[in-house]
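This one's a predicted model, so the numbers in the text were calculated from it and none came from an experiment. Side-chain atoms are counted along with the backbone in the values below, which use heavy atoms only and exclude waters and symmetry mates. Proteins get letters first, then strands, A, B, ... in listed order; numbering begins at 1 in each.
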There are 2 protein chains.
Amino acid sequence: MTSKQEFIEKLRNSSLRPTKQRINICEVLFNRDKTFHFTISDLFNLIKDKTGEKISLATVYNTVHAFHKKGYLKEIPINSNQTYFDTNVTDHHHFFDVKEEKLIDLKNEDVGPIEIQKSIPGKKIKSVEVLVKLED
Amino acid sequence: MTSKQEFIEKLRNSSLRPTKQRINICEVLFNRDKTFHFTISDLFNLIKDKTGEKISLATVYNTVHAFHKKGYLKEIPINSNQTYFDTNVTDHHHFFDVKEEKLIDLKNEDVGPIEIQKSIPGKKIKSVEVLVKLED
DNA sequence: AATCTTCTTTAGAATAATTATAAACAAGTA
DNA sequence: TACTTGTTTATAATTATTCTAAAGAAGATT
Ligand SMILES: [Mn+2]
Ligand SMILES: [Mn+2]
Ligand SMILES: [Zn+2]
Ligand SMILES: [Zn+2]
């Protein structure tokens, strides 16, 4: 449980002004026990439901991008009509339930270490992510 | 090197009528030594360049989807504004050069076996794919 | 070959996620 | 307070993809 004051400080420390909208988004996104996987439209609807306050869709996009840029959100690579984000910004992997369109975290120990044996001259590895698609 | 006749037979065997457009797409996609990674717009432009014949964009979409459904193309999960496809339909992994927006095949032996230790009741694994993002 | 049926192509419209614009507004600062 | 800068917002623009429906081509039937 993070207090509103703490979010305000965290925003300030990231040189993001603590607006009402950003604080609401923080509470929806980060006041939870478990990792949260979401699309912009998921988040947009949750804000309406949980805070009762109206927010512009553009602000949701702006804020998610700002948080992503600051490293507070991770973008999950899947082919979907919508982009998925993740509040768990550590290196980790995913199940994707194709039918439910839901992401589920996989801990690194559930996958084991992955050693990439090939290298490309002039390039270095930025991330290694496993996506496990699930069907019924 | 596959002949036009062979493509015609393969299309017929897949209950796809061998139209001029589909044969052209086959030649652009499958007459190559190496795996080909592409977007719809890549393919659309290549068809114009390589065959000199005009084709409708909708037909490129239709055909790629038909080939994908038949299992002749694979869709690669990355977050991009465009969907990537792959002529290598075997199980394999990828580098994604973020700057160049290019995919590079990773052989299974370059990654090693991946054992998923977690399971979700009622669901089975459909695919396991590793995406390695590259930066400079 | 002529006819008939079914599938395919096509241009263009529709859809939907995302991004851009620019004016109103709020936060920080002096 | 006045001033500056960052943010929100409604709305328009953009863009990849899908849909539509009419025209055309392929395959089957006579
Ligand atoms: Mn982003
Ligand atoms: Mn497809
Ligand atoms: Zn996650
Ligand atoms: Zn590939």
From the set [options], return the single nucleotide nearest to any side-chain atom of [X].
X	options	result
A:I40	C:dT18, D:dT18, D:dT7	C:dT18
A:S56	D:dT9, C:dT18, C:dA11	D:dT9
B:A58	C:dG28, C:dT10, D:dA16	C:dT10
A:T59	D:dT9, C:dT10, C:dT18	D:dT9
B:R17	D:dT17, C:dT8, D:dT11	C:dT8

In whole Å, I'd like the distance from the [atom1] atom of [X] to the [atom2] atom of [N].
X	N	atom1	atom2	result
B:I47	C:dT9	CD1	C1'	13 Å
A:Y61	C:dA17	OH	P	7 Å
A:L11	C:dA26	CG	C1'	15 Å
A:E53	D:dT9	CD	C1'	15 Å
B:N81	D:dT17	CG	P	8 Å
A:D42	C:dA16	CG	P	16 Å
A:N62	D:dG6	CG	P	14 Å
A:Q82	C:dT18	CD	C1'	11 Å

Tell me what [X] touches on the nucleic acid: a base, only sugar-phosphate, or nothing, going by heavy atoms under 4.0 Å.
X	answer
B:S41	nothing
B:T19	sugar-phosphate
A:T83	sugar-phosphate

Do B:K124 and A:D136 come close enough that some side-chain heavy atom pair is under 4.5 Å?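 Side chain of B:K124 against side chain of A:D136, heavy atoms only: no contact under 4.5 Å found.
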Taking everything shown except B:K107 itself, do over 12 heavy atoms lie less than 6.0 Å from its NZ?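 No, because the 6.0 Å sphere around NZ of B:K107 holds 12 heavy atoms or fewer from other groups.
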Considering just the side-chain nitrogens and oxygens of B:Q21, establish if one lies under 4.0 Å of OP1 or OP2 belonging to D:dA25.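 Answer is no, no contact under 4.0 Å.
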Short side-chain N/O contact to C:dC25 OP1/OP2 from A:K20, under 4.0 Å: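 Result: no.
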Same cluster or not: A:I47 versus A:I8, using hydrophobic residues (I, L, V, M, F, W, Y) connected whenever any side-chain heavy atoms lie under 4.5 Å apart?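 They do share one cluster, since a chain of ILVMFWY contacts under 4.5 Å joins A:I47 to A:I8.
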Could you go step by step and tell me if A:K74 and A:H92 meet the side-chain contact (heavy atoms from CB on, under 4.5 Å) rule? CA-CA 10 Å; A:K74 195 172 162 35; A:H92 67 286; 3.6 Å; yes
Any donor-acceptor N/O pair under 3.5 Å between D:dT7 base and A:R22 side chain: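 Under the 3.5 Å cut-off, the side chain and the base do not form any donor-acceptor pair.
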Parallel, tilted or perpendicular: which one describes the rings of A:F7 and A:F30, with boundaries at 30° and 60°?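 Ring orientation, 0 to 90° scale: tilted.
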